[in-house]
A.B. asks: 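Before anything else, here's the structure in question.
Note: hydrogens, waters and symmetry copies are ignored here, and every other heavy atom, side chains too, is used. All values derive from a computational prediction rather than experimental measurement.
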Amino acid sequence: MVSLVKGFAGKPAHAPLTDIGIGAYTAGTAMLIAGAAGFQEAAMATAAVITIAIGLIAAIPTIITGLVDLFSIPADAPARTLGWWHLTLMSSATGMFAGTFRLQLAGYPDGKIISSALILGVISWVLLLAGGYLGGALTFVYGVRVLKHPQAAMSDALIPGRADHSD
């Protein structure tokens, strides 16, 4: 079961799931800003609630798969410490987006951007960027969940479960 949650060698489950949440939170924040600036406020107020809700739903499997990856990093490795910071920032951002969602719900029925939701959404998005930056360092600096098999056959690279046996 853990291997299904973790993904396959060279095809981790966590990384693609992050794209859903980051995309939804970014779109929701952009819609709050656009609506507050006067661009189709009613549509933006409604769409912001929906997209942030999508991000919150996607956060559940994203957090689970991230925790599985985190605990697979050796406890004494610098990447593990960085992973905890990544988790802290991303969890904080998610909690704050839940607050943004709750605040903006008041504007959903009448198509209004709620100022406190806008402010909290922008702050949440800044935390999201910082947490995503740390997640990128885990992958691109420390190589967490990355396989390096430059001579692997293409069929091994594309079929889940086969890349970890190539070389």
Side-chain angles (χ1 to χ4, degrees), residues 1-2 4-8 10-73 79-146 160:
M1 178 67 171
V2 171
L4 282 178
V5 172
K6 193 172 187 175
F8 296 97
K11 291 159 192 63
H14 181 69
L17 287 171
T18 64
D19 294 349
I20 299 167
I22 290 172
Y25 291 145
T26 299
T29 303
M31 289 175 201
L32 289 171
I33 293 168
F39 180 76
Q40 299 186 9
E41 182 177 3
M44 295 295 134
T46 301
V49 169
I50 294 167
T51 55
I52 291 171
I54 291 168
L56 293 170
I57 292 166
I60 297 165
T62 304
I63 290 169
I64 293 167
T65 56
L67 285 170
V68 169
D69 285 353
L70 177 64
F71 289 117
S72 69
I73 301 170
R80 180 81 168 260
T81 301
L82 185 61
W84 280 112
W85 281 107
H86 170 66
L87 172 65
T88 300
L89 287 176
M90 296 307 273
S91 297
S92 297
T94 297
M96 290 172 66
F97 272 115
T100 302
F101 173 81
R102 178 132 164 55
L103 290 169
Q104 185 54 38
L105 272 179
Y108 186 84
D110 57 354
K112 299 289 180 200
I113 299 294
I114 305 301
S115 297
S116 56
L118 170 65
I119 293 166
L120 187 58
V122 170
I123 294 168
S124 303
W125 187 72
V126 170
L127 275 179
L128 182 78
L129 287 179
Y133 180 82
L134 297 183
L138 285 167
T139 302
F140 298 110
V141 174
Y142 291 110
V144 173
R145 301 282 289 132
V146 173

A.B. asks: I'd like to know if the side chain of His14 reaches the main chain of Thr62, judged simply by a donor and an acceptor atom lying under 3.5 Å from each other, with no hydrogens or angles considered.
C.D. replies: yes

A.B. asks: Tell me every residue that passes side chain to side chain donor-acceptor pair (under 3.5 Å) with Thr26, counting only those two or more places apart in sequence or in another chain.
C.D. replies: Trp125

A.B. asks: What's the spacing between Thr65 OG1 and Ile60 CD1 if we round to 0.5 Å?
C.D. replies: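 The OG1 atom of Thr65 sits 12.0 Å away from the CD1 atom of Ile60.
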
A.B. asks: To the nearest 0.5 Å, how far apart are CG in Leu32 and CD in Glu41?
C.D. replies: 10.5 Å

A.B. asks: When rounded to the nearest 0.5 angstrom, what is the spacing between OG1 in Thr51 and CE in Met31?
C.D. replies: 4.5 Å

A.B. asks: Any chance you could measure Leu17, atom CG, to Ile64, atom CD1, to the nearest 0.5 Å?
C.D. replies: 10.0 Å

A.B. asks: Which heavy atom in Ala45 sits nearest to a heavy atom in Gly111, and how many Å separate them?
C.D. replies: CB-C, 3.6 Å

A.B. asks: Quick check on side-chain contact (heavy atoms from CB on, under 4.5 Å): which of Asp69, Leu67, Ile73 does Phe71 satisfy it with?
C.D. replies: Leu67

A.B. asks: Closest heavy-atom contact between Ile123 and Met96?
C.D. replies: CG2-CE, 3.2 Å

A.B. asks: Listed by chain and number, what are the side chain to side chain contact (heavy atoms under 4.5 Å, CB included) partners of Ile33, not counting sequence neighbours?
C.D. replies: Thr29, Leu118, Val122

A.B. asks: What is the distance from atom CG of Leu128 to atom OH of Tyr25, rounded to the nearest 0.5 Å?
C.D. replies: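 Leu128 CG to Tyr25 OH: 8.0 Å, rounded to 0.5 Å.
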
A.B. asks: Would you say Gln104 and Ile52 make side-chain contact, with heavy atoms under 4.5 Å?
C.D. replies: no

A.B. asks: Check Leu127 against Ala93 and note the closest heavy-atom contact, atom names and distance.
C.D. replies: CB-CB, 3.9 Å

A.B. asks: Flag the pair Phe101 / Leu105 as yes when at least one side-chain heavy-atom distance between them is below 4.5 Å, and no otherwise.
C.D. replies: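 Side chain of Phe101 against side chain of Leu105, heavy atoms only: contact under 4.5 Å found.
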
A.B. asks: Going from OG1 on Thr139 to CG on Leu134, what distance comes out if it is rounded to the nearest 0.5 angstrom?
C.D. replies: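 If we round to the nearest 0.5 Å, Thr139:OG1 and Leu134:CG are 11.0 Å apart.
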
A.B. asks: What residue among Leu70, Val144, Val141, Leu138 forms side-chain contact (heavy atoms from CB on, under 4.5 Å) with Leu82?
C.D. replies: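 Between Leu82 and the candidates, side-chain contact (heavy atoms from CB on, under 4.5 Å) is satisfied uniquely by Leu138.
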
